[in-house]
Amino acid sequence: WLKRVGPHCPEWLAAVGEFEALCSLAGHAYEHPTDPFPEIVEPAEGPCFEGTSLGHPLIPEHQVVRNDVTLNSQDRLLMISGSNMSGKSTLMRTVGTNFVLALAGAPVRAVSLRVSPMQAGTAMRVQDSLQQGASLFYQSVARLSAVVHLADGPEPVLFLLDEILQGTNSHDRRIGAQSVIETLIERGGIGIVTTHDLALTEITDLFGDKARNVHFEDQLVDGKMTFDYRMRPGVVEHSNALELMKMMGIQLKEVEIDPES
């Protein structure tokens with residue numbers, strides 16, 4: 001019996017797993033009847049992710065803030081700058097989660113979504129490793145390397161790079177980030193990059209009207225920091241890092257900074 005039946009166990013487990021996945025997707029669709037199914041466009045039209053009023057599926061409907069995101073052959077790169085906690089990473093996760101749902105055959109949290117078959121290449125939540133003796137920068141480079149090699153495949157890559165090359169100086173970050181982004185776009189990719197380093201926002205100049213700078217920002221109201229999580233055009237004009245430090249009780253000293261340094 002073991003010889004006859006045993007070899008079929010992996011097939012049975014795969015079938016059970018597929019039914020479990022289909023039931024999960026069906027349950028998700030039942031619980032969110034207003035979420036539409038996406039339009040899957042032909043790969044011949046070029047890479048495409050065009051979402052109207054995108055929201056994160058795990059944020060309650062009464063709390064979610066929606067934004068439009070357009071990435072295609074004409075708009076290949078969104079460079080997102082912004083203050084801390086303003087919504088940069090959440091938008092990136094919103095795009096990634098809806099992309100996975102779309103290609104899995106599930107409804108998406110959006111008014112509408114057009115998407116083409118692509119591979120998802122992400123570098124988010126990168127951490128150092130004491131056990132592996134790997135620094136934050138090393139782990140960042142390793143993750144970026146995996147994304148770049150993914151672009152060697154037959155399908156274009158939807159790249160989502162959060163705080164690209166954190167853990168190194170601004171000079172090396174600029175050169176490294178520009179090289180990675182250029183390579184991914186040259187190989188047919190489209191995607192989003194977030195950064196606190198405003199020097200990286202100049203990279204969009206290399207791609208003309210095929211790249212855009214957008215940002216999220218905060219507002220200080222009655223001594224409290226508030227966010228509307230709305231994506232705006234252009235580069236962010238201020239940072240909230242020092243204000244956050246003050247709010248946490250850190251006394252800031254007057255520091256003279258040489259403008260030429």
Side-chain angles (χ1 to χ4, degrees), residues 14 17-80 87-125 146-147 150-151 153-162 181 184-185 187-194 209-212 214 216 229-233:
E18 185 171 351
F19 271 107
E20 174 68 20
L22 292 173
C23 287
S24 296
L25 294 177
H28 175 72
Y30 177 80
E31 292 171 356
H32 302 91
T34 60
D35 286 358
F37 284 90
E39 176 189 353
I40 308 299
V41 301
E42 292 296 330
E45 297 182 20
C48 174
F49 184 97
E50 300 173 355
T52 303
S53 294
L54 281 175
H56 198 297
L58 297 182
I59 299 178
E61 181 63 33
H62 68 280
Q63 294 180 347
V64 67
V65 177
R66 297 169 179 257
N67 288 281
D68 297 343
V69 175
T70 298
L71 293 166
N72 51 38
S73 298
Q74 288 72 45
D75 296 281
R76 306 194 75 97
L77 171 66
L78 281 181
M79 178 70 73
I80 305 180
K88 302 188 303 298
S89 298
T90 299
L91 178 75
M92 185 172 287
R93 295 187 180 103
T94 296
V95 170
T97 303
N98 280 295
F99 173 74
V100 171
L101 286 173
L103 294 192
V108 293
R109 181 61 54 85
V111 170
S112 65
L113 176 62
R114 298 180 72 251
V115 62
S116 64
M118 292 180 284
Q119 303 178 89
T122 67
M124 295 185 280
R125 298 181 66 86
V147 175
L150 195 64
E155 292 184 335
V157 171
L158 173 66
F159 57 88
L160 304 171
L161 312 179
D162 195 18
I181 294 170
L184 290 171
I185 290 179
R187 297 180 184 178
I190 57 175
I192 300 174
V193 178
T194 70
D209 57 2
K210 292 188 176 182
R212 291 188 294 134
V214 295
F216 291 87
Y229 308 111
R230 299 289 182 186
M231 188 168 66
R232 296 172 169 82

Counting N and O atoms only, with roles assigned by atom type, does the side chain of Q119 sit under 3.5 Å from a partner on the main chain of L150, one being a donor and the other an acceptor?
-> yes
When rounded to the nearest 0.5 angstrom, what distance separates CG in N72 from CD in E50?
-> 5.0 Å
Sequence-distant partners of S116, side chain to side chain donor-acceptor pair (under 3.5 Å), two or more places apart = none
How far apart are the closest heavy atoms of L184 and A151, and which atoms are they?
-> CD2-CB, 4.0 Å
Report the distance from atom CD1 of I59 to atom NE2 of H62, rounding to the nearest 0.5 Å.
-> 11.0 Å
What distance separates K88 NZ from R93 CZ, expressed to the nearest 0.5 Å?
-> 11.0 Å
With sequence neighbours excluded, tell me which residues meet side chain to side chain donor-acceptor pair (under 3.5 Å) with D162.
-> S89, T194
May I ask you to test the L54-N67 pair for a side-chain heavy-atom distance under 4.5 Å?
-> no
Correct closest heavy-atom pair for P36 and A110 would be CD-O, 2.9 Å
Separation between SG of C48 and CG of L71, rounded to the nearest 0.5 Å = 9.0 Å
Minimum heavy-atom distance P156-G188, with the two atoms named = CB-O, 3.4 Å
Residues Y229 and V65: closest non-hydrogen pair is O-CG1, 3.6 Å
Would a 4.5 Å heavy-atom cut-off, applied to side chains only, mark I190 and M118 as touching?
-> yes
Provide the closest heavy-atom pair for L91 versus M231 in the form atom of the first, atom of the second, distance.
-> CD2-SD, 3.5 Å
May I have all residue pairs that pass ring pair (Phe, Tyr, Trp, His ring centres under 6.0 Å) and include part of residues 20-50, sequence neighbours excluded?
-> H28-H32
Does any pair with a residue in residues 54-64 pass salt bridge (charged side-chain N to carboxylate O under 4.0 Å, His left out), and if so which ones, sequence neighbours excluded?
-> E61-R66, E61-R109
Answer yes or no: does atom CD of E42 have more than 12 heavy-atom neighbours from other residues, nucleotides or ligands under 6.0 Å?
-> no
Residues forming a side chain to side chain donor-acceptor pair (under 3.5 Å) with S73, sequence neighbours excluded | none
How would you list, by chain and number, every residue that makes a side chain to side chain donor-acceptor pair (under 3.5 Å) with R230, sequence neighbours excluded?
-> none
Side-chain heavy-atom pair V64, T94 within 4.5 angstrom cut-off = no
Atom CD1 in I185, atom CG in L77: separation rounded to 0.5 Å?
-> 5.0 Å
Determine yes or no for a side-chain-to-main-chain donor-acceptor pair under 3.5 angstrom, with D75 supplying the side chain and K210 the backbone.
-> no
So, for P117 and I40, which heavy atoms are closest and what is the spacing to 0.1 Å?
-> CD-CG2, 4.3 Å
For the atom pair OG1 (T122) and CD1 (I192), what is the distance rounded to the nearest 0.5 Å?
-> 12.0 Å
Is a side-chain donor or acceptor of N98 paired with a backbone partner of G55 at a separation under 3.5 angstrom?
-> yes
